S.K.: 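Would you mind keeping the following structure in view while I ask a few things?
Since we're looking at a predicted model, the values are computed, not measured. Worth knowing before you read on, the calculation uses all heavy atoms, side chains too, and leaves out hydrogens, waters and symmetry mates.
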Amino acid sequence: MAEYEACILGLRLAIDMNVQEMLVTRDSNLLVHQVLREWATKNTKILPYLHYVQELSKRFTKIEFKHVPRIKNEFADALATLSSTIQHQDKNFIDLSLIGIHKQPAYCAYVEEESDGNPWFHDIKEYLAKREYSEHSTHTQKRML
């Protein structure tokens, strides 16, 4: 479910930024094949997530899902874990898919707020919008971003 939550948050962010074409890379082979309708699921807990990802995908003119093995994408695993701790500004968007909002994160009990007061994904969002690094970014932060 955390993988689906991360995917949903990423798709919602891209929609909010008016992205039209998107390549979604996931380290969950199961999620990718289910979204592409290559594999079926009967798990009633996963179905609402799957249907919501498929509905969000319709909002793009072009969208592609690609599996990247976890061994080659440790950052995606960290983001998937962190994403389950974030609540979207529009609290009603999850109601459309009948997915409850968890008051506690799935994998960690606490994520410190950034010292600048912005959420952890702020620099990523700014980079995607402006295609440039923030002026205070270090070389290591630029590489990671």
Side-chain angles (χ1 to χ4, degrees), residues 1-108 110-114 116 118-134 137-145:
M1 287 187 277
E3 292 286 344
Y4 272 99
E5 288 175 10
C7 187
I8 288 168
L9 279 172
L11 292 174
R12 293 287 305 181
L13 180 62
I15 290 167
D16 290 347
M17 295 174 62
N18 295 317
V19 172
Q20 298 299 310
E21 296 183 5
M22 188 157 172
L23 170 62
V24 180
T25 57
R26 307 297 312 164
D27 61 7
S28 171
N29 201 23
L30 183 65
L31 182 146
V32 170
H33 288 287
Q34 286 174 343
V35 170
L36 294 175
R37 295 183 170 102
E38 295 170 350
W39 295 352
T41 182
K42 294 179 182 175
N43 185 329
T44 57
K45 293 180 181 180
I46 298 295
L47 281 172
Y49 291 93
L50 172 60
H51 293 147
Y52 194 48
V53 168
Q54 290 169 337
E55 283 300 310
L56 290 175
S57 297
K58 293 176 184 176
R59 296 190 184 183
F60 298 91
T61 57
K62 180 180 178 185
I63 187 165
E64 181 181 341
F65 287 83
K66 181 179 178 185
H67 174 250
V68 176
R70 185 166 290 170
I71 192 78
K72 294 183 179 179
N73 198 356
E74 294 171 356
F75 190 63
D77 190 42
L79 287 177
T81 301
L82 286 173
S83 72
S84 65
T85 68
I86 297 170
Q87 291 185 359
H88 194 272
Q89 297 169 13
D90 178 7
K91 305 234 186 272
N92 294 325
F93 89 96
I94 288 184
D95 293 339
L96 299 174
S97 64
L98 304 175
I99 299 169
I101 297 174
H102 300 285
K103 297 296 180 192
Q104 294 182 344
Y107 295 91
C108 60
Y110 179 73
V111 175
E112 290 184 34
E113 185 175 303
E114 295 288 329
D116 59 6
N118 292 318
W120 65 268
F121 58 85
H122 176 76
D123 292 336
I124 297 170
K125 185 177 178 181
E126 288 296 307
Y127 177 77
L128 291 172
K130 297 177 182 175
R131 293 289 188 217
E132 58 186 41
Y133 301 106
S134 65
S137 295
T138 65
H139 175 70
T140 303
Q141 290 169 327
K142 288 177 184 178
R143 260 187 62 222
M144 183 175 276
L145 186 60

S.K.: I'd like to check Tyr4 versus Val35 (side-chain heavy atoms, cut-off strictly below 4.5 Å). Are they in contact?
M.R.: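 In short, these two side chains touch, coming nearer than 4.5 Å.
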
S.K.: With heavy-atom distances below 4.5 Å as the criterion, would you say the side chains of Lys66 and Val32 are in contact?
M.R.: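 Not in contact.
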
S.K.: When rounded to the nearest 0.5 angstrom, what is the spacing between CD1 in Ile63 and NZ in Lys58?
M.R.: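 Answer rounded to 0.5 Å: 12.5 Å.
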
S.K.: Within the structure provided, determine whether Met1 and Ile46 are in side-chain contact (heavy-atom separation under 4.5 Å).
M.R.: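 Met1 vs Ile46: side chains touch.
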
S.K.: Determine, step by step, whether Val24 and Leu11 satisfy the side-chain contact (heavy atoms from CB on, under 4.5 Å) criterion, reporting the C-alpha distance in whole Å, the side-chain angles of both residues, the deciding distance to 0.1 Å, and the verdict.
M.R.: CA-CA 9 Å; Val24 180; Leu11 292 174; 4.1 Å; yes

S.K.: To check you understand the geometry: which heavy-atom pair defines the closest contact between Leu128 and Arg131, and what is its length?
M.R.: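 That closest heavy-atom pairing would be CD2-NH1, 3.9 Å.
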
S.K.: How many angstroms lie between atom CG of Leu31 and atom CG of Leu36, to the nearest 0.5 angstrom?
M.R.: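 Result: 9.0 Å between the selected atoms.
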
S.K.: What heavy-atom pair brings Ala129 and Met17 nearest, and what distance separates the two atoms?
M.R.: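 Between these two residues, the closest heavy atoms are N-CE, 3.6 Å.
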
S.K.: Please give me the minimum heavy-atom distance between Met22 and Gly10, naming the atom from each residue.
M.R.: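 Taking Met22 first and Gly10 second, the nearest heavy atoms are CE-O, 4.2 Å.
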
S.K.: Tell me whether the rings of Tyr133 and Tyr127 are parallel (<30°), tilted (30 to 60°) or perpendicular (>60°).
M.R.: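 Rings of Tyr133 and Tyr127: parallel, under 30°.
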
S.K.: How long is the straight-line distance from CG of Leu56 back to CD1 of Ile15, given to the nearest 0.5 Å?
M.R.: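 Ile15 atom CD1 to Leu56 atom CG measures 4.5 Å (nearest 0.5 Å).
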
S.K.: For the CG atom of Asn43 and the CG atom of Leu50, what is their distance to the nearest 0.5 Å?
M.R.: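 CG of Leu50 is found 10.5 Å from CG of Asn43.
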
S.K.: Decide side-chain contact (heavy atoms from CB on, under 4.5 Å) for Arg12 and Tyr52; before the verdict, give the C-alpha distance in whole Å, the side-chain angles of both, and the deciding distance to 0.1 Å.
M.R.: CA-CA 11 Å; Arg12 293 287 305 181; Tyr52 194 48; 3.6 Å; yes

S.K.: Taking atom CD of Glu64 and atom OG1 of Thr25, what is their separation to the nearest 0.5 Å?
M.R.: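 If I round to the nearest 0.5 Å, the distance is 10.5 Å.
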
S.K.: Closest heavy-atom contact between His67 and Ser28?
M.R.: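 Looking at all heavy atoms of both residues, the shortest contact is CD2-C, 3.8 Å.
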
S.K.: With side chains defined as the heavy atoms from C-beta onward, is the minimum distance between Asn29 and Trp39 less than 4.5 Å?
M.R.: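 A side-chain contact exists here, since the closest heavy-atom pair is under 4.5 Å.
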
